[in-house]
Asker: 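Please read through the structure below; I'll follow up with questions.
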Amino acid sequence: MPDVIERVEVLVSSPSRNYVTLRLTTRDGIVGLGDATVNGRELAVASYLRDHVGPLLIGRDPGRIEDTWQYLYRGVYWRRGPIGMAAIGAVDIALWDILGKRAGQPLYALLGGRVRDRLATYRHAFGWDLPALLEQVDAHREAGFENIRVQAGVPGLDVVYGVTKDNTVYEPAGRAAAPAEEIWDTEAYLRSMPGVIAGVREHVGDAVGLLHDAHHRLTPIQAARLGKALEPVGMYWLEDVTPAEDPEALRLVRQHTTTPLAIGEVFNTIWDCQQLIENRLIDYIRVAVVHAGGISHLRKIFALAEVHGVRAAPHGPSDVSPISLAASIHLGVAVHNFAIQEYMGYPDLVHEAFPHAWHVADGHLQPGDEPGLGVTLNDELHHADDYEPAYLPVARRRDGTLTDW
């Protein structure tokens with residue numbers, strides 16, 4: 001008689017920041033974990049799982065992973081979107097975790113085994129000015145990281161998303177009843193940023209991969225200007241230059257610059273990525289395992305990308321839990337066209353709340369060899385009453401109109 005899912009738990013907790021965790025337990029006592037965190041909308045996805053998806057899982061065979069994915073996706077009229085796909089993603093990740101534990105194998109072994117010995121990653125460096133930025137760059141290099149995302153302050157602005165004046169590790173989701181509002185000036189940014197990044201390149205030489213995130217705030221021609229200005233720097237990539245909803249914008253950018261382009265962290269399905277990949281408008285696709293429907297669906301996106309010479313580079317911020325990162329790392333060592341994994345890092349409390357086999361060594365990630373994902377929960381650090389609303393900031397131009405962040 002096949003094992004079946006007997007218990008579904010949805011945990012909303014806040015060890016340092018808000019996470020939504022799905023825990024599935026089978027009749028045979030096998031536990032699978034999934035991450036369902038949607039930054040700033042945690043309670044929405046928790047309700048979707050608890051009230052709608054969870055009851056559908058009771059009694060299902062956990063080994064029918066693809067069938068369950070299709071059942072949850074096609075069994076509802078209102079498809080796609082971050083809430084629904086994160087819920088499906090959490091279920092899918094948990095089912096793969098169960099399969100690995102049942103087989104006694106790490107997840108990557110079930111995905112075809114290793115195609116690489118270690119997984120390249122990049123860390124975030126930021127500084128309000130160039131000297132402060134270089135301090136963080138040097139610290140990451142000393143820790144063995146060969147690829148670094150660089151962000152800096154903008155002259156004339158008091159606040160810049162992803163950068164702090166005191167150079168502390170930043171948490172972009174601020175705990176408050178509503179999002180903070182920041183003032184943004186694109187032209188000031190375009191005047192200053194090429195010089196800052198050129199200064200970093202001069203400091204580190206040619207051996208370090210430099211990445212930069214524009215946070216979707218540029219028009220196509222502004223993005224083309226920035227890409228052109230950065231060509232002498234030799235960027236690893238320029239990320240999220242235009243709003244992700246408009247794939248045609250990147251066609252214009254592509255016509256004017258050879259700087260590599262990366263996008264996709266806000267995408268939810270293969271159909272969001274299809275035009276960009278098939279028309280080779282990007283070099284890296286950055287969908288996150290949880291927000292794009294889990295391991296099963298992400299493999300399909302990466303397979304489409306491989307055919308068209310696009311490489312995989314999943315989103316890995318602090319607002320996906322170590323469960324999601326584990327799934328991404330296992331995929332990374334088993335997928336041929338996987339390029340690099342973002343690793344923003346976590347506070348110590350988060351590592352303690354989600355004990356994990358994956359680890360960082362010499363600037364690279366390793367999945368570990370424990371069965372399944374290799375992640376457990378420290379229940380003592382997951383308390384529902386610790387939850388407080390937290391939001392990413394919103395940005396307004398100097399004339400008061402809202403812009404992307």
Side-chain angles (χ1 to χ4, degrees), residues 15-17 19 33 35 37 93 97 100 106-109 111 113-126 133 135-151 162 167-172 204 207-211 213 236-237 239 262 265 284 286 288-290 295 298 311-335 338-378 381:
S16 178
R17 58 117 46 244
Y19 293 109
L33 298 178
D35 176 28
T37 307
I93 293 169
D97 192 24
L107 180 59
Y108 70 79
L111 299 174
R114 285 182 178 267
V115 297
R116 58 182 51 83
D117 297 325
R118 58 183 188 168
L119 186 62
T121 187
Y122 68 90
R123 294 299 305 268
H124 293 197
F126 59 89
L133 175 58
E135 286 184 14
Q136 286 203 4
V137 169
D138 288 343
H140 289 320
R141 293 182 70 197
E142 290 173 8
F145 292 94
E146 301 169 355
N147 303 283
I148 303 172
R149 195 188 85 162
V150 293
Q151 310 290 136
N167 277 12
T168 57
V169 174
Y170 79 98
E171 168 52 67
V204 301
V208 176
L210 297 182
L211 307 85
D213 189 350
Y236 189 106
W237 79 40
E239 177 184 339
E265 67 186 54
Y284 301 91
R286 301 207 59 251
V289 61
V290 56
I295 295 163
L298 206 58
R311 303 189 71 189
H315 194 35
S318 61
D319 58 15
V320 300
S321 85
I323 298 170
S324 272
L325 188 62
S328 213
I329 296 169
H330 280 273
L331 267 173
V333 299
V335 170
F338 206 101
I340 196 167
Q341 174 64 56
E342 179 180 17
Y343 179 55
M344 187 173 167
Y346 299 100
D348 290 342
L349 184 61
V350 176
H351 289 292
E352 295 170 13
F354 297 90
H356 50 80
W358 63 259
H359 58 278
V360 182
D362 299 323
H364 290 76
L365 288 162
Q366 290 285 2
D369 292 315
E370 292 185 10
L373 293 172
V375 183
T376 58
L377 290 185
N378 181 347
L381 297 178

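These figures come from a predicted structure and were not determined experimentally.
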Asker: Between Y19 and F354, is the ring centre distance below 6.0 Å?
Answerer: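 Between Y19 and F354, the centre distance is under 6.0 Å.
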Asker: Does N147 reach the side chain of T121, with side-chain heavy atoms less than 4.5 Å apart?
Answerer: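 A side-chain contact under 4.5 Å is absent here.
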Asker: Atom CZ in F126, atom CD in E135: separation rounded to 0.5 Å?
Answerer: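 That separation rounds to 11.5 Å.
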Asker: Name the orientation class of the two ring planes belonging to Y346 and H351 (parallel below 30°, tilted from 30 to 60°, perpendicular beyond 60°).
Answerer: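 Correct class here is perpendicular.
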Asker: So do L107 and P367 actually touch side chain to side chain, heavy atoms under 4.5 Å?
Answerer: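 A side-chain contact under 4.5 Å is absent here.
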Asker: Side chain of R116, backbone of V335: donor and acceptor closer than 3.5 Å?
Answerer: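 Between the backbone of V335 and the side chain of R116 there is a qualifying donor-acceptor contact (under 3.5 Å).
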Asker: Nearest heavy-atom pair of Q341 and S328: which atoms, and what distance?
Answerer: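 Distance-wise, the nearest heavy atoms are OE1-OG, 2.7 Å.
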Asker: If a pair satisfies salt bridge (charged side-chain N to carboxylate O under 4.0 Å, His left out) and one of its residues is in residues 340-365, list it, with sequence neighbours excluded.
Answerer: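 Passing the test, one end in residues 340-365: R286-E342.
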Asker: Hey, could you give me the CD1/CG distance between I93 and L298, rounded to the nearest 0.5 Å?
Answerer: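 If I round to the nearest 0.5 Å, the distance is 9.0 Å.
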Asker: Yes or no on side chain to side chain contact (heavy atoms under 4.5 Å, CB included) for D319 and R17, after CA distance, side-chain angles and deciding distance?
Answerer: CA-CA 8 Å; D319 58 15; R17 58 117 46 244; 3.3 Å; yes
Asker: Looking only at heavy atoms, what is the nearest atom pair of V290 and V320, with distance?
Answerer: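 Heavy atoms of V290 and V320 come nearest at CG1-CG1, 3.9 Å.
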Asker: Of the non-hydrogen atoms in W237 and A262, which two are nearest, and what is the gap between them?
Answerer: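 Looking at all heavy atoms of both residues, the shortest contact is CD2-CB, 3.6 Å.
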Asker: Given side chains that start at C-beta, do those of V137 and V208 come closer than 4.5 Å, heavy atoms only?
Answerer: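 Result no, sub-4.5 Å side-chain heavy-atom pair not found.
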Asker: With sequence neighbours left out, write down each residue that passes side chain to side chain contact (heavy atoms under 4.5 Å, CB included) with D97, or none if nothing qualifies.
Answerer: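 Per chain and number, D97 pairs via side chain to side chain contact (heavy atoms under 4.5 Å, CB included) with L33, K101, L373.
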Asker: Which heavy atom of I340 sits nearest to which heavy atom of F338, and what is that distance?
Answerer: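 Smallest heavy-atom distance, with atoms named: O-CE2, 3.6 Å.
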Asker: Who pairs with Q366 by side chain to side chain contact (heavy atoms under 4.5 Å, CB included), at least two apart in sequence or on another chain?
Answerer: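 For Q366 the side chain to side chain contact (heavy atoms under 4.5 Å, CB included) partners, ignoring immediate neighbours, are R114, R118, H359.
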Asker: Check S16 against V350 and note the closest heavy-atom contact, atom names and distance.
Answerer: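 Closest heavy-atom pair between S16 and V350: CB-CG2, 3.7 Å.
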Asker: Apply side chain to side chain contact (heavy atoms under 4.5 Å, CB included) to A339 and list each qualifying residue two or more places apart in sequence or on a separate chain.
Answerer: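 For A339 the side chain to side chain contact (heavy atoms under 4.5 Å, CB included) partners, ignoring immediate neighbours, are Y236, Y284, R311.
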Asker: Taking side chain to side chain donor-acceptor pair (under 3.5 Å) as the cut-off, I'd like each qualifying pair that reaches into residues 369-378, sequence neighbours left out, listed once.
Answerer: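 Listed once each, the pairs are Y108-D369.
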Asker: Flag the pair R149 / D213 as yes when at least one side-chain heavy-atom distance between them is below 4.5 Å, and no otherwise.
Answerer: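 R149 reaches D213 side chain to side chain.
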Asker: Could you check whether any side-chain heavy atom of V375 comes within less than 4.5 Å of a side-chain heavy atom of H356, counting everything from C-beta outward?
Answerer: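 V375 vs H356: side chains touch.
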Asker: Supply the atom-to-atom distance L211 CG to E239 CD, rounded to the nearest 0.5 angstrom.
Answerer: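 Those atoms lie 7.5 Å apart.
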Asker: Looking at every non-hydrogen atom in both residues, tell me the closest pair between D35 and S324 and how far apart they are.
Answerer: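 Heavy atoms only, the tightest pair is OD2-OG, 2.8 Å.
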Asker: Using side-chain hydrogen bond (donor to acceptor under 3.5 Å, both in side chains) as the criterion, list what pairs up with S321, not counting sequence neighbours.
Answerer: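 Result, side-chain hydrogen bond (donor to acceptor under 3.5 Å, both in side chains) vs S321: none returned.
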Asker: Rounded to the nearest 0.5 Å, how far apart are CG of L119 and OH of Y343?
Answerer: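 Rounded to the nearest 0.5 Å, the CG-OH separation comes to 12.5 Å.
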